[in-house]
Visitor: 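Got a structure for you, questions after.
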Amino acid sequence: MSTKVKSPENLPNKPGVYIMRDKDENIIYIGKAKNLIKRVQSYFRKNLDRPKTKILMDHFNSLEYIVTNSEKEALILEANLIKKHKPTYNIRLKDDKRYPYVKITNEEFPRLLITRNITKNGSFYGPFTDVGSVKKTVKFLKSLFKVRTCRNMDGPCLNSQIDLCYAPCNGSITKEEYNEIMEKIDLFFQGKYSVIVKNLKKEMMEAAEEQNYEKAAVLRDQIQSIEDIMDKQFVELGDDDLDQDIIAISEDKENFIIVVMAIRNGKIVGKDDFLMNGTEYDSNEEVTYAFIQQYYGYNRHVPKQIIINQGIGEVSLLEEWLTDLRGNKVYIKVPEKGIKLRLVNMAQKNAEIIRHQKKKLENSLIELKKYLKLEKLPRVIEGYDISNISGKLAVGSKVSFLDAKPNKKKYRHFRIDTPGPNDFEMMKELLTKRFERIDKDSEPDLIVIDGGKGQLGMACQVLKENNLEHIPIIGLAKEFEEIYIPNTSRPIIIPKDNKALHLLQQVRDESHRFAVTYHRKLRSKKISESSLDNVPGIGQNRKRNLLKELGSIDKVKEATVDQLANVKSMNRKVAENVYNYYHE
């Protein structure tokens, strides 16, 4: 519970967190202090030496504080409050990615799941930045150790029949034996691959001595599989004891990019990058400190060592807090030589490359703003397209780009009911479904329609009907890459080698790809649902060939026995079955 005060003189002489608000009661800054009154009084001096502090105090209106038992508690509370309120003048870790975790369920015979939500039940590993990789890993571990995947243990399933599960539901494995398997999986996610292999080899030798050759063969294959994935997935550094995060920063006047390389048991197992906000008046040291404070508050693994590319203040406080999180001593170091220095330099180069890439993306937005004469930078761009064949199974797509990169969690599919072919009316239905209930916070900065003046005119009509004419909209015609804007007959021509045109093309092509993919899925589903399923001798392959070569179910009904028999994979007997089914 926070306490409001009118003057810094009323603050206690204790550790805690102070919260500054503006005249509208918005939180503009959150800070921690070993001594609240001494720290906050420094903001009220006549001569403020830092530009950031001067700007902050120009907007300051009121103050409140929360007392903590120690400076370490204040550090933790400050990080949590910054994450929750995102104050304007704090350095903030921009981490809007919801990374997946691997969960071992808290059941008698646990399961292995992928989730994005942390709950009280079960054990969690992660977060993992590479979604594809973690899916492959979980699939690999399920097949390797044959753990159950069914939600309800209601009898032996197909997996047990094809030797992908030990079938604990059938009593084929004891609870103790199953728990030993889960311990191996736990070691795997801790990065202790050599320990798993060592234990498996010991079990294999024991099985061989007992002449249980079937079990020994299974263990041999498990060892080989783990060694293969270790060779493919990780970069060896030659020191099995290394448990480190390498953190490096690259900055210019507008962006601070931080790269984290994770090293577990002497192997580079992953790399990720982060953007820091609210850093305009802050030093590299302050940004690095804020990053460590906020990054390890996200339920992440805390390594034994954190290697950074420059010194920071209050290292001992951070080390004390991280040590509590890990359970044993954590060190923060700046290397001077050797492999640690080489790793920091590697991370630094990665950070610089990523910063330059982000700069290029930002430049494409600036170019686009200039060519289209937009009032603000089009950070959120939405692209729309229609896909159908002669008006059948029409679908629409919406794709979204954030800061010139696909934002796939905002992609949407739409079923289109308008009879066709009528691209204009279909586009009208698509945009109506999207914009008839839109709120102001979800409005895009730019809309891109796949098409020319006709599609654009219909789109403008929908925006007008929904009082959204203020949203910029363009039509991108594919043949000559001409850009049409409302109320102008002549198109805008952007040079073919310009980054702005490349971005628009990417949005247009992605909306087309997304629509076509959905249309194919529905078409495939439609093909699979057919009266042909009732004909003896017709399976998925023959049904697909009939519909593909003859064009439709109506054409199949009209075909002669000879025409049916000439279709790929058909024979005369099955052709007669089809003919008789539709003519008797």
Side-chain angles (χ1 to χ4, degrees), residues 149-152 154-164 383-399 411-434 449-451 454-455 458 478 508-584:
T149 58
C150 57
R151 181 171 297 186
N152 301 312
D154 50 5
C157 61
L158 178 63
N159 278 355
S160 67
Q161 295 174 31
I162 60 176
D163 199 29
L164 286 177
Y384 294 87
D385 192 20
I386 296 289
S387 180
N388 68 95
I389 295 179
S390 301
K392 302 288 180 63
L393 294 175
V395 299
S397 69
K398 182 203 88 170
V399 299
Y411 283 24
R412 295 292 183 272
H413 286 131
F414 298 86
R415 295 291 294 267
I416 302 298
D417 301 318
T418 300
N422 189 335
D423 286 351
F424 293 167
E425 289 296 325
M426 288 178 177
M427 180 62 74
K428 181 179 180 180
E429 182 186 340
L430 167 62
L431 293 176
T432 300
K433 285 182 174 180
R434 163 69 177 108
I449 302 297
D450 184 7
Q455 284 90 342
M458 189 62 73
K478 195 162 192 176
R508 189 265 317 279
D509 294 346
E510 181 69 351
S511 64
H512 179 71
R513 179 201 66 79
F514 196 53
V516 168
T517 301
Y518 185 46
H519 181 258
R520 285 174 179 162
K521 180 179 179 181
L522 292 182
R523 195 172 67 205
S524 176
K525 186 178 180 182
K526 189 72 175 178
I527 288 172
S528 66
E529 297 170 355
S530 167
S531 56
L532 284 168
D533 295 328
N534 301 319
V535 180
I538 294 294
Q540 290 295 325
N541 190 39
R542 282 174 171 164
K543 178 171 63 175
R544 190 181 300 109
N545 290 339
L546 284 168
L547 294 173
K548 183 178 179 181
E549 293 190 30
L550 298 178
S552 69
I553 195 69
D554 290 334
K555 295 292 184 182
V556 173
K557 293 176 182 178
E558 295 169 2
T560 65
V561 173
D562 289 337
Q563 288 173 325
L564 293 167
N566 286 330
V567 171
K568 181 182 177 182
S569 75
M570 291 286 288
N571 59 45
R572 192 161 190 85
K573 179 173 175 24
V574 178
E576 288 174 353
N577 290 344
V578 174
Y579 184 86
N580 292 335
Y581 179 82
Y582 289 116
H583 290 84
E584 287 181 355

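Just so you know, residue 1 is the first one in the sequence shown, and it goes up from there. On a predicted model such as this, the values are computed, not experimentally measured, just so you know.
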Visitor: Write down the atom of Ile553, the atom of Leu547, and the distance for their closest heavy-atom approach.
Guide: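 Minimum heavy-atom contact is N-CD2, 3.7 Å.
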Visitor: With rounding to the nearest 0.5 Å, note down the distance linking OG1 in Thr560 to CG in Asn566.
Guide: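 So the gap between those two atoms works out to 8.0 Å.
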Visitor: For the residue pair Glu549 and Val567, what are the closest heavy atoms and their distance?
Guide: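 Nearest pair, atom of Glu549 first, then Val567: OE1-CA, 3.7 Å.
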Visitor: Which heavy atom in Met458 sits nearest to a heavy atom in Phe424, and how many Å separate them?
Guide: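 The pair with the smallest heavy-atom distance is CG-O, 3.2 Å.
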Visitor: With a 4.0 Å cut-off, would you call Glu576 and Lys573 a salt bridge?
Guide: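 Looking at Lys573 together with Glu576, the answer is no, because their closest N to O distance does not fall below 4.0 Å.
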Visitor: Between Thr418 and Met426, what is the shortest heavy-atom contact and its length?
Guide: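 Closest approach of Thr418 to Met426: O-CE, 3.6 Å.
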Visitor: Please enumerate all residues that pass ring pair (Phe, Tyr, Trp, His ring centres under 6.0 Å) together with Tyr579, with sequence neighbours excluded.
Guide: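 Result, ring pair (Phe, Tyr, Trp, His ring centres under 6.0 Å) vs Tyr579: His583.
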Visitor: Are His413 and Phe514 close enough that some pair of their side-chain heavy atoms sits under 4.5 Å apart?
Guide: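 His413 reaches Phe514 side chain to side chain.
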Visitor: Decide yes or no on side chain to side chain contact (heavy atoms under 4.5 Å, CB included) for Arg513 and Val516, but give the supporting numbers first.
Guide: CA-CA 5 Å; Arg513 179 201 66 79; Val516 168; 6.0 Å; no
Visitor: I need the Thr517 OG1 to His512 NE2 distance, nearest 0.5 Å.
Guide: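 Answer rounded to 0.5 Å: 9.0 Å.
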Visitor: Go through the steps for Glu510 and Tyr411 under the test side-chain hydrogen bond (donor to acceptor under 3.5 Å, both in side chains), then give the verdict.
Guide: CA-CA 10 Å; Glu510 181 69 351; Tyr411 283 24; 2.9 Å; yes
Visitor: Show your working on side chain to side chain contact (heavy atoms under 4.5 Å, CB included) between Leu564 and Leu550 and close with a plain yes or no.
Guide: CA-CA 9 Å; Leu564 293 167; Leu550 298 178; 3.9 Å; yes
Visitor: Do the non-hydrogen side-chain atoms of Asp554 and Lys557 ever get within less than 4.5 Å of each other?
Guide: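 In short, these two side chains touch, coming nearer than 4.5 Å.
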Visitor: To the closest 0.5 Å, what do you measure between CE (Met427) and CD (Gln455)?
Guide: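 CD of Gln455 is found 6.0 Å from CE of Met427.
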Visitor: Under 3.5 Å, is there a donor-acceptor pair between the side chain of Ser387 and the main chain of Val395?
Guide: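 Checking the backbone N and O of Val395 against the side chain of Ser387, no donor-acceptor pair under 3.5 Å is found.
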Visitor: Check Val574 against Asn571 and note the closest heavy-atom contact, atom names and distance.
Guide: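 In terms of heavy atoms, the two residues are closest at N-OD1, 2.9 Å.
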Visitor: Is the backbone N or O of Leu546 less than 3.5 Å from a side-chain atom of Lys555, with the two atoms forming a donor-acceptor pair by type?
Guide: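 Side chain of Lys555 to backbone of Leu546, a donor-acceptor pair under 3.5 Å: no, none is there.
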Visitor: For the residue pair Leu532 and Val578, what are the closest heavy atoms and their distance?
Guide: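 Nearest heavy atoms, Leu532 then Val578: CD2-CG1, 4.2 Å.
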Visitor: Between atom CD1 of Ile538 and atom OG of Ser569, what is the distance when rounded to the nearest 0.5 Å?
Guide: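 Going from CD1 on Ile538 over to OG on Ser569, the span is 7.5 Å.
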Visitor: The criterion is side chain to side chain donor-acceptor pair (under 3.5 Å); which residues satisfy it with Thr149, sequence neighbours excluded?
Guide: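 Here the qualifying residues are Asn159.
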Visitor: Does a salt bridge link Asp562 with Arg572, judged by any charged N lying under 4.0 Å from a carboxylate O?
Guide: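 Here Asp562 pairs with Arg572 in a salt bridge, since their nearest N and O are under 4.0 Å apart.
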Visitor: Taking Asn545 for the side chain and Lys568 for the main chain, is one N or O donor matched with an acceptor at less than 3.5 Å?
Guide: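 Yes: the side chain of Asn545 pairs with the backbone of Lys568.
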Visitor: Check whether any side-chain N or O of Asn577 sits under 3.5 Å from a backbone N or O of Val535 as a donor-acceptor pair, and report yes or no.
Guide: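 No.
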